[in-house]
Amino acid sequence: MSEFFLPYFCIMLHVKNLTFAYTSKPVLKNLNFSIEKGEHVSIIGASGSGKSTLLKLIYGEHDLNKGQIFWNKTEILGPKYNLVIGYDFIKYVAQEFDLMPFTSVSENVGQFLSNFFPEEKEERISELLDVVELTDFAKIKVKLLSGGQKQRVALARALAKDPELILLDEPFSHIDNFKKHHLRRRLFKYLKQKKITCVVATHDKEDVLGYSDNIIVLNDSKIIANKTPETLYENPRQSLIAAFFGEYSTLEPYGIVYAHQLKVVGNSDIEVVISNSYFKGNYYLIEAELNGETMFFNHNSKLENQSKVFLEIFR
Ligand code: ADP
Ligand code: MG
């Protein structure tokens with residue numbers, strides 16, 4: 001949401017004219033956006049588009065070439081101006097998590113909690129282990145865990161002192177599908193309940209849909225969209241954005257059409273030749289040729305290769 005429509009006190013994170021380069025060519029150029037308290041924002045974009053870099057900059061890990069970042073009234077400063085990298089009110093869970101391998105899951109989660117009230121500390125650790133579903137592993141040494149379990153320890157540790165802002169870089173990338181959906185729901189629900197502002201870099205639409213208030217799309221060093229998931233989904237405008245949400249085709253003169261928006265009909269202007277059917281669970285994704293171009297649509301059964309069907313768009 002643009003800051004122009006918001007009273008100043010709602011805005012917590014404010015990124016102004018941010019430009020950053022590791023070497024000579026900027027990775028991020030003149031970025032502007034703001035995030036309200038308790039909002040959940042996803043950053044999406046192709047690999048190498050600067051998602052992780054943006055999170056690191058918000059954490060204060062590098063110095064900006066131009067621009068400013070504010071958390072409320074505090075300016076986030078990089079290592080040139082800040083002796084210790086990072087801020088107490090921000091937690092950042094990197095793609096490569098940094099845990100203490102030779103101590104237990106509990107000790108890792110409780111590392112930054114005060115020992116002054118041992119009972120409260122124990123209670124807090126077990127609450128956090130419950131959020132990330134690691135209760136049974138409390139006493140296990142971290143080095144013995146799988147990648148996905150380590151990622152969950154890193155998440156619990158970041159939550160331990162309830163930060164005001166949490167930055168998550170591909171937070172479920174190491175976690176298997178059996179656990180992922182459940183964990184995602186629990187974690188994002190927890191953050192909303194506690195009004196913890198959350199910025200998630202991801203390439204997985206499952207991390208976004210149903211959770212994000214806004215999506216920031218990075219492409220070619222710039223923000224090409226900052227909109228609600230509903231708006232972007234309904235009107236993706238660019239193939240990069242449509243591709244994030246699912247299979248689609250660009251059909252002249254109709255534009256971007258998702259595979260589920262096409263249905264087989266008795267007769268129409270769109271006649272295609274089937275080239276393949278892929279089983280997708282509750283439907284088949286059908287690959288077909290239209291005027292020499294490959295396109296996709298969903299159908300409830302397999303279709304015979306080389307057969308011809310007519311399609312209609314339902315949007
Ligand atoms: P993403 O997370 O979207 O995949 P990154 O932020 O990791 O993208 O990287 C953005 C660009 O910056 C890439 O071209 C990458 O090669 C480059 N890059 C990332 N980290 C460094 C670094 N420490 N030094 C130099 N270049 C880097
Ligand atoms: Mg990354």
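Atoms considered below: every heavy atom in the structure, side chains included; atoms not considered: hydrogens, waters and symmetry mates. Positions are given from 1 along the sequence. Each ligand, and each atom within it, is numbered from 1 in the order the structure gives.
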Full working for side-chain hydrogen bond (donor to acceptor under 3.5 Å, both in side chains) between Asp213 and Thr228: CA-CA 6 Å; Asp213 299 304; Thr228 65; over 6 Å; no
message: Taking 4.0 Å as the limit for heavy-atom contacts, which would you say applies to Ala46 with ligand 1: side chain only, backbone only, both, or neither?
response: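 Looking at Ala46 and ligand 1, just backbone atoms fall under 4.0 Å.
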- request: Check whether any protein heavy atom sits under 4.0 Å from atom 7 (O) of ligand 1.
  value: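 Flag for atom 7 (O) of ligand 1 set to true, protein heavy atom closer than 4.0 Å.
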message: Among all the protein's heavy atoms, is there at least one whose distance to atom 11 (C) of ligand 1 comes out below 4.0 Å?
response: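 Yes.
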task: Please state whether Gly48 comes within less than 4.0 angstrom of ligand 1, counting heavy atoms only.
output: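 For ligand 1, residue contact (heavy atoms, under 4.0 Å) with Gly48 is present.
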task: Check whether the side chains of Arg184 and His181 place a donor and an acceptor atom closer than 3.5 Å, and report yes or no.
output: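 Present: a donor and an acceptor within the cut-off.
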message: Against Ser42, only a single residue in Leu209, Val208, Leu168 fulfils side-chain contact (heavy atoms from CB on, under 4.5 Å); can you say which?
response: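 With Ser42 as partner, Leu209, Val208, Leu168 yield a single side-chain contact (heavy atoms from CB on, under 4.5 Å), made by Val208.
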task: Dump the intermediate steps for side-chain hydrogen bond (donor to acceptor under 3.5 Å, both in side chains) on Tyr258 and Asn298, then the final yes or no.
output: CA-CA 9 Å; Tyr258 290 114; Asn298 292 353; over 6 Å; no
message: Under 2.8 Å from the Mg ion (ligand 2), is there any N, O or S atom belonging to Ser52?
response: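 Ser52 does place an N, O or S atom closer than 2.8 Å to the Mg ion (ligand 2).
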- prompt: To the nearest 0.1 Å, how far is atom 18 (N) of ligand 1 from its closest protein heavy atom, and which atom is that?
  reply: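 Looking only at protein heavy atoms, the one closest to atom 18 (N) of ligand 1 is Tyr22 CE1, 3.4 Å.
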field: is_close_aromatic(Tyr283, His260), centroid dist under 6.0 Å
entry: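 Distance test on ring centres: not under 6.0 Å, no.
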- prompt: Would you say ligand 1 has an N or O under 3.5 Å from any N or O of Thr53?
  reply: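 It does: an N or O of Thr53 is found under 3.5 Å from an N or O of ligand 1.
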pair Leu28-Lys222: side-chain heavy atoms closer than 4.5 Å: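 Side-chain contact under 4.5 Å: no.
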